[in-house]
Amino acid sequence: AQKVTQAQTEISVVEKEDVTLDCVYETRDTTYYLFWYKQPPSGELVFLIRRNSFDEQNEISGRYSWNFQKSTSSFNFTITASQVVDSAVYFCALSGRGYSTLTFGKGTMLLVSP
Amino acid sequence: KAGVTQTPRYLIKTRGQQVTLSCSPISGHRSVSWYQQTPGQGLQFLFEYFSETQRNKGNFPGRFSGRQFSNSRSEMNVSTLELGDSALYLCASSSGTSGSGGELFFGEGSRLTVL
């Protein structure tokens with residue numbers, strides 16, 4: 001069975017602080033994909049990144065960066081110089097053979113105050 | 001291109017009634033998945049349809065059903081509503097092929113309240 005754990009339920013930071021959202025996963029599949037989604041108050045889940053299990057390169061996109069470590073089954077997400085618009089719930093997710101079937105973590109609510 | 005469209009956005013029902021939710025995927029996408037989001041259980045997979053066939057199913061009772069039409073639009077139905085069915089129901093579309101790697105595009109959801 002697959003499992004995604006986001007231990008941080010809620011994080012509060014002040015604007016311009018860096019923040020890291022943790023994600024730990026469990027799977028028996030050798031081929032799998034990891035995702036991060038952002039959910040603003042409107043409810044729509046916004047895709048941020050996808051990583052496959054064979055690509056452990058870290059990725060940076062603007063203020064966002066992701067650290068994938070297979071050895072610790074973690075896929076952490078860092079926002080540099082956070083902004084108020086980053087306030088949202090962030091979900092880490094995992095898919096295996098059923099490519100359109102995602103297992104989500106419980107989410108981390110990020111509150112960025114001015 | 002247009003995103004995933006879900007209707008209705010909000011609805012209120014009473015226990016015992018049934019409800020039908022609709023989802024129009026992104027043009028060209030053949031896979032539609034449904035997820036239920038509640039504060040207690042989080043996001044849970046309901047089912048996935050690909051080319052009018054149910055391809056995957058989550059662990060939900062038979063009261064939850066769905067279908068997909070030839071134009072890839074999908075509907076999900078919940079019969080004999082219970083209070084615990086109150087949730088945000090999210091629809092997601094994807095190309096559905098293995099190369100998509102599970103990249104899903106979500107709609108804004110239908111928020112169901114059962115009284």
Side-chain angles (χ1 to χ4, degrees), chain A residues 1-10 21 23-25 27 29-55 57 59 61 66 68 75 88-109, chain B residues 3-6 8-10 23 25-26 29-51 53-60 68 72 74 87-112:
Chain A
Q2 298 185 326
K3 185 178 179 182
V4 176
T5 301
Q6 295 180 255
Q8 304 148 309
T9 304
E10 186 174 320
L21 309 181
C23 173
V24 174
Y25 63 92
T27 181
D29 291 333
T30 54
T31 301
Y32 53 89
Y33 292 85
L34 293 162
F35 303 81
W36 277 95
Y37 281 88
K38 174 182 179 180
Q39 187 176 43
S42 62
E44 179 182 358
L45 283 165
V46 179
F47 168 82
L48 295 177
I49 190 172
R50 175 187 65 196
R51 253 300 171 259
N52 74 51
S53 51
F54 299 107
D55 183 1
Q57 274 193 331
E59 181 156 339
S61 177
W66 291 269
F68 175 29
F75 186 44
V89 181
Y90 290 86
F91 290 93
C92 181
L94 168 69
S95 77
R97 290 180 177 276
Y99 295 112
S100 296
T101 304
L102 296 182
T103 299
F104 284 89
K106 294 289 190 185
T108 298
M109 178 178 289
Chain B
V4 179
T5 304
Q6 291 188 245
R9 289 291 314 281
Y10 302 91
C23 172
I26 291 171
H29 282 185
R30 296 163 62 191
S31 168
V32 173
S33 303
W34 289 89
Y35 289 80
Q36 181 197 63
Q37 185 176 23
T38 60
Q41 299 299 317
L43 279 155
Q44 293 185 288
F45 170 74
L46 280 156
F47 28 65
E48 181 212 358
Y49 287 86
F50 180 80
S51 294
T53 301
Q54 188 180 85
R55 188 159 70 171
N56 288 295
K57 187 178 188 305
N59 189 25
F60 277 80
Q68 186 179 34
S72 292
S74 176
L88 179 67
Y89 290 88
L90 290 162
C91 168
S93 81
S94 75
S95 65
T97 60
S98 60
S100 71
E103 182 174 349
L104 305 183
F105 298 85
F106 285 84
E108 291 186 305
S110 294
R111 186 168 293 281
L112 169 66

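Only a predicted model underlies this, so the values are computations on that prediction, with no experimental measurement involved. Just so we're on the same page: letters track the sequence lines, and every chain starts at 1.
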Under 4.5 Å from any heavy atom of chain B - which part of A:Y32: neither
Atom CD of A:Q57 with >12 non-hydrogen neighbours under 6.0 angstrom: no
Residues, nucleotides or ligands: over 12 heavy atoms within 6.0 Å of A:K3 NZ: no
Residues which pass salt bridge (Lys or Arg N to Asp or Glu O under 4.0 Å) with A:R51, listed by chain and number, not counting sequence neighbours: A:D55, A:E59
Chain A contact via B:Q6 - which portion, at a heavy-atom distance below 4.5 Å: neither
Contacts of type side chain to side chain donor-acceptor pair (under 3.5 Å), residue B:Q44, not counting sequence neighbours: none
N/O donor-acceptor pair under 3.5 Å between A:K106 side chain and B:L43 backbone: no
Under 3.5 Å donor-acceptor, A:Y37 side chain and B:F106 backbone: no
B:L90, B:L104, B:V4 screened by side chain to side chain contact (heavy atoms under 4.5 Å, CB included) with A:L45, the one that passes: B:L90
Residue selection (most heavy-atom pairs with chain A, distance under 4.5 Å) from B:E108, B:R111, B:R9, B:Q41: B:E108
Heavy-atom closest pair, residues A:L102 and B:F45: O-CB, 4.3 Å
